[in-house]
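See below for the structure under consideration.
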Amino acid sequence: MRAQRYFAASAVAVIVIGCAIPVGAPAPSPSARVGASAGKYGATEARIFDLINAERQHQGLPALVYNAQLDRMAKIQAENMAYFQKMAHTLPEAQLPTLGDRAHYVGYPFGRLAENVALGYPNAETAVQGWMNSSGHRHNILDSSVEETGIGIARSSAGGLYYCQVFGRRLTSL
């Protein structure tokens with residue numbers, strides 16, 4: 001029975017706009033960039049949260065619940081994208097380069113993960129509209145298998161606004 005649980009847990013994959021990342025990567029060392037601008041964009045993040053849930057409810061889906069671990073993951077990625085001035089799901093130059101790395105770092109036991117990133121939108125409304133106009137991002141927003149979310153925004157030294165939203169569902173016991 002224990003072997004079955006291990007195999008089932010090992011088979012879970014992280015979904016990032018259609019990309020799969022295998023579970024089980026070792027936890028990396030702590031990132032020096034973690035939490036550098038936490039809270040600075042709180043009102044915009046809250047507005048994105050509300051707009052995303054309005055989109056879900058419009059489609060008959062349950063609202064997402066805020067999760068502090070997913071929020072931390074989103075903030076780490078937004079800050080790293082701003083620091084490296086590069087919009088991407090994977091940043092090889094960062095200490096936590098992948099979504100799976102960030103999940104392990106914050107201790108989020110996931111059964112499902114997805115991430116939306118964006119750059120350059122001036123406000124919450126345009127960022128969410130941009131995501132809704134992209135099939136992969138829209139899929140993540142309207143995915144009925146995710147239950148929780150976190151949002152991060154950071155500004156680069158060049159002035160660009162980097163957005164990240166992480167979606168998740170906790171791994172339940174098998």
Side-chain angles (χ1 to χ4, degrees), residues 14-21 25 28 30-56 64-108 110 112-143 146-170:
V14 178
I15 304 301
V16 182
I17 312 288
C19 300
I21 300 169
S31 170
R33 303 250 354 115
V34 174
S37 64
K40 187 173 183 178
Y41 298 101
T44 304
E45 293 163 351
R47 181 72 179 137
I48 290 172
F49 180 82
D50 291 342
L51 291 167
I52 293 295
N53 276 331
E55 293 287 352
R56 288 177 61 86
L64 295 171
V65 176
Y66 167 84
N67 178 280
Q69 291 168 305
L70 296 179
D71 197 68
R72 188 160 182 218
M73 290 168 59
K75 285 173 175 42
I76 290 168
Q77 185 64 0
E79 290 168 9
N80 280 331
M81 288 189 302
Y83 179 78
F84 293 109
Q85 296 186 33
K86 180 179 177 183
M87 185 186 75
H89 295 288
T90 301
L91 296 170
E93 57 272 70
Q95 288 185 355
L96 301 169
T98 70
L99 185 58
D101 291 335
R102 293 183 292 279
H104 290 292
Y105 176 74
V106 302
Y108 185 79
F110 59 91
R112 178 127 171 110
L113 280 175
E115 177 180 76
N116 284 354
V117 296
L119 166 63
Y121 291 102
N123 56 45
E125 288 77 11
T126 57
V128 171
Q129 192 58 48
W131 283 334
M132 290 303 291
N133 289 336
S134 162
S135 63
H137 295 100
R138 180 183 180 88
H139 172 78
N140 287 342
I141 290 167
L142 301 178
D143 185 348
V146 296
E147 301 168 342
E148 303 173 309
T149 193
I151 301 161
I153 303 169
R155 186 178 298 277
S156 73
S157 61
L161 279 176
Y162 290 81
Y163 298 82
C164 181
Q165 182 169 19
V166 178
F167 304 88
R169 183 188 74 239
R170 289 183 172 278

Subject >> Result of checking Q77, H137, R102 against E115 for side-chain hydrogen bond (donor to acceptor under 3.5 Å, both in side chains) >> reply: R102

Hey, does the side chain of [X] reach the backbone of [Y] with a donor-acceptor pair shorter than 3.5 angstrom?
{"X": "Y163", "Y": "Y121", "answer": "yes"}
{"X": "Y108", "Y": "R170", "answer": "yes"}
{"X": "E147", "Y": "G168", "answer": "no"}
{"X": "D71", "Y": "N67", "answer": "no"}
{"X": "D101", "Y": "T98", "answer": "yes"}
{"X": "W131", "Y": "V117", "answer": "yes"}
{"X": "K75", "Y": "I151", "answer": "yes"}

Subject >> Chi angles and distances behind the side-chain contact (heavy atoms from CB on, under 4.5 Å) call for I52, T149 >> reply: CA-CA 10 Å; I52 293 295; T149 193; 6.0 Å; no

**OP:** Might you work through the side-chain contact (heavy atoms from CB on, under 4.5 Å) test for V146 and N140, ending with a clear yes or no?
**Re:** CA-CA 8 Å; V146 296; N140 287 342; over 6 Å; no

**OP:** Given side-chain contact (heavy atoms from CB on, under 4.5 Å), test L119 with L161 step by step and report yes or no.
**Re:** CA-CA 6 Å; L119 166 63; L161 279 176; 5.9 Å; no

[X] versus [Y], closest heavy-atom pair with distance:
{"X": "G152", "Y": "A74", "result": "N-CB, 3.4 Å"}
{"X": "A154", "Y": "A78", "result": "CB-O, 3.4 Å"}
{"X": "S156", "Y": "A82", "result": "CB-O, 3.3 Å"}

Is the closest side-chain heavy-atom distance between [X] and [Y] below 4.5 Å?
{"X": "Y83", "Y": "L91", "result": "no"}
{"X": "T44", "Y": "N123", "result": "no"}
{"X": "L113", "Y": "V166", "result": "yes"}
{"X": "L51", "Y": "E125", "result": "yes"}
{"X": "M73", "Y": "L96", "result": "no"}
{"X": "Y162", "Y": "M87", "result": "yes"}
{"X": "R56", "Y": "L142", "result": "yes"}
{"X": "S134", "Y": "H139", "result": "no"}

Gap separating the [atom1] atom of [X] from the [atom2] atom of [Y], nearest 0.5 angstrom:
{"X": "F49", "Y": "Q165", "atom1": "CZ", "atom2": "CD", "value": "9.0 Å"}
{"X": "Y105", "Y": "Q69", "atom1": "OH", "atom2": "CD", "value": "12.5 Å"}
{"X": "C164", "Y": "L99", "atom1": "SG", "atom2": "CG", "value": "7.5 Å"}

**OP:** Go through the steps to decide whether E55 and R138 satisfy the test salt bridge (Lys or Arg N to Asp or Glu O under 4.0 Å), and finish with yes or no.
**Re:** CA-CA 10 Å; E55 293 287 352; R138 180 183 180 88; 5.2 Å; no

